[in-house]
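What you see is a predicted model, and the numbers here were worked out from it, not measured in a lab.
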Amino acid sequence: MTDFASQGRTRPNNVCDLQNCQTHHSVYTFLSRGSALEGTIIVQSFDSGKLTGGIAGSLRQKFRELELLDEITKMRYLGTISPKVSGITRNELVHSFRQWKGEKFVPKTMHSALKWTAVDPFPIEKLAQDVPWTLVKATKTQPTNTDEGSSGKKSEKSQVKKDLTAFVLAQGSQPLQIVSNTTKPQRAKRLKVSKPPAGKKLVGFPWDSVNHSCAYDSLLTVLLTLYTECRESWIQYMPGQSQSLTDLGEIV
């Protein structure tokens, strides 16, 4: 069994031929399929350099950038990051962060195998621009005859129709005519807030912007609605649920 075929499997008896693995990814995939050390069998010796010879430069750069993204996330959460750090892609975001912090900055959580120094530098490269792309809408093609001697019948391939009976669109979905990373998306129309009928007032609590009680307001609004509209059910069932609901019913 190859490393590709073994992905996602759990093997009590895991027989591995690591000598034929091309990279350390394959070695990891093979060994991690075994459910126990006792059942892991390595049939022959293998080149340990696949595990100790270091990783490719592109993969090391990817791991470094992931650590930088973790640092950006932490600093944004703590509110200590500069507004100059921005970008809609990883390339732009990491580039702006390194321009702000400098080329020598290394996060404290960076593994020693990934750290860059004066001897092993990690220079700030020029910002690469994304290649413009557009998802072209599929067009219908005219059916072709199966061969020159046919009587105009459609080919079997053109007669096959897609079964869309099991496909259900999510509520509010809109078909996309064109998708691109260069065109600006259209703004969604704002929904008008519905107002209660004249002479009536909606039951609920005003949002408190001082202590941000909206989370409590939503819960209390549900309980108040049940109390006012289902009074008999409330008296019958709710007091026995907890002392808090009993006290709440007496206050109201």
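Residues passing the side chain to side chain contact (heavy atoms under 4.5 Å, CB included) test with Y28 are S32, sequence neighbours excluded. Checked against side-chain hydrogen bond (donor to acceptor under 3.5 Å, both in side chains), R60 has the following partners two or more places apart in sequence or in another chain: D120. When the side-chain hydrogen bond (donor to acceptor under 3.5 Å, both in side chains) test is applied to Q236, no partner is found at least two apart in sequence or on another chain. Partners of T73 according to the side chain to side chain contact (heavy atoms under 4.5 Å, CB included) rule, which considers only residues two or more places apart in sequence or in another chain, do not exist here. Shown here are the side chain to side chain contact (heavy atoms under 4.5 Å, CB included) partners of Q44, two or more places apart in sequence or in another chain: D17, Q19. Partners of S26 under the side-chain hydrogen bond (donor to acceptor under 3.5 Å, both in side chains) rule, at least two apart in sequence or in another chain, are D3. Every residue two or more places apart in sequence or in another chain that forms a side-chain hydrogen bond (donor to acceptor under 3.5 Å, both in side chains) with Q61 is listed here: E65. Among residues two or more places apart in sequence or in another chain, the ring pair (Phe, Tyr, Trp, His ring centres under 6.0 Å) test is passed with F46 by none. Not counting sequence neighbours, the partners of E71 by the side chain to side chain contact (heavy atoms under 4.5 Å, CB included) test are K74, M75, F97, F105, P107.
Expressed to the nearest 0.5 Å, how far NZ of K126 lies from NE2 of H95 amounts to 10.0 Å. With rounding to the nearest 0.5 angstrom, the CG atom of N20 is 12.0 Å from the CG atom of D47. The distance from atom CG of L18 to atom NE2 of H24, rounded to the nearest 0.5 Å, is 13.5 Å. Of the inter-residue distances, the one linking S96 atom OG with N91 atom CG reads 9.5 Å to the nearest 0.5 angstrom. To the nearest 0.5 Å, the span separating CZ on R11 from CD1 on I41 amounts to 9.5 Å.
The closest donor-acceptor contact from the side chain of T40 to the backbone of A36 lies under 3.5 Å. R64 places a side-chain N or O within donor-acceptor distance of the main-chain N or O of L114, the cut-off being under 3.5 Å. A donor-acceptor pair is defined here as one N or O able to donate and one able to accept, closer than 3.5 Å; such a pair exists between the side chain of W116 and the backbone of E103.
In terms of heavy atoms, V85 sits closest to W100 at CG2-CE3, 3.8 Å. The shortest non-hydrogen separation linking C16 to L31 is SG-CD2, 4.2 Å.
Clustering ILVMFWY residues whenever any of their side-chain heavy atoms sit less than 4.5 angstrom apart, transitively, puts I124 in a cluster other than the one holding V94. Hydrophobic clustering of Ile, Leu, Val, Met, Phe, Trp and Tyr side chains at less than 4.5 Å, counting indirect connections, keeps L68 apart from L127. Each of V222 and I235 belongs to its own hydrophobic cluster when Ile, Leu, Val, Met, Phe, Trp and Tyr are linked at side-chain heavy-atom distances under 4.5 angstrom.
Residues K62 and R90 are in side-chain contact: their nearest non-hydrogen atoms beyond the backbone lie under 4.5 Å apart. Residues T109 and D70 form no side-chain contact, since every pair of their non-hydrogen atoms from C-beta on lies 4.5 Å or further apart.
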Handout entry: Test log, rule side-chain contact (heavy atoms from CB on, under 4.5 Å), inputs L51 and V27
Key = CA-CA 8 Å; L51 300 177; V27 177; 3.7 Å; yes
Please walk me through it: do F122 and R98 pass side-chain contact (heavy atoms from CB on, under 4.5 Å)? CA-CA 11 Å; F122 182 34; R98 298 198 68 201; 3.4 Å; yes
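Side-chain heavy-atom separations under 4.5 angstrom define the hydrophobic clusters, and the remaining members of the one that includes Y77 are L78.
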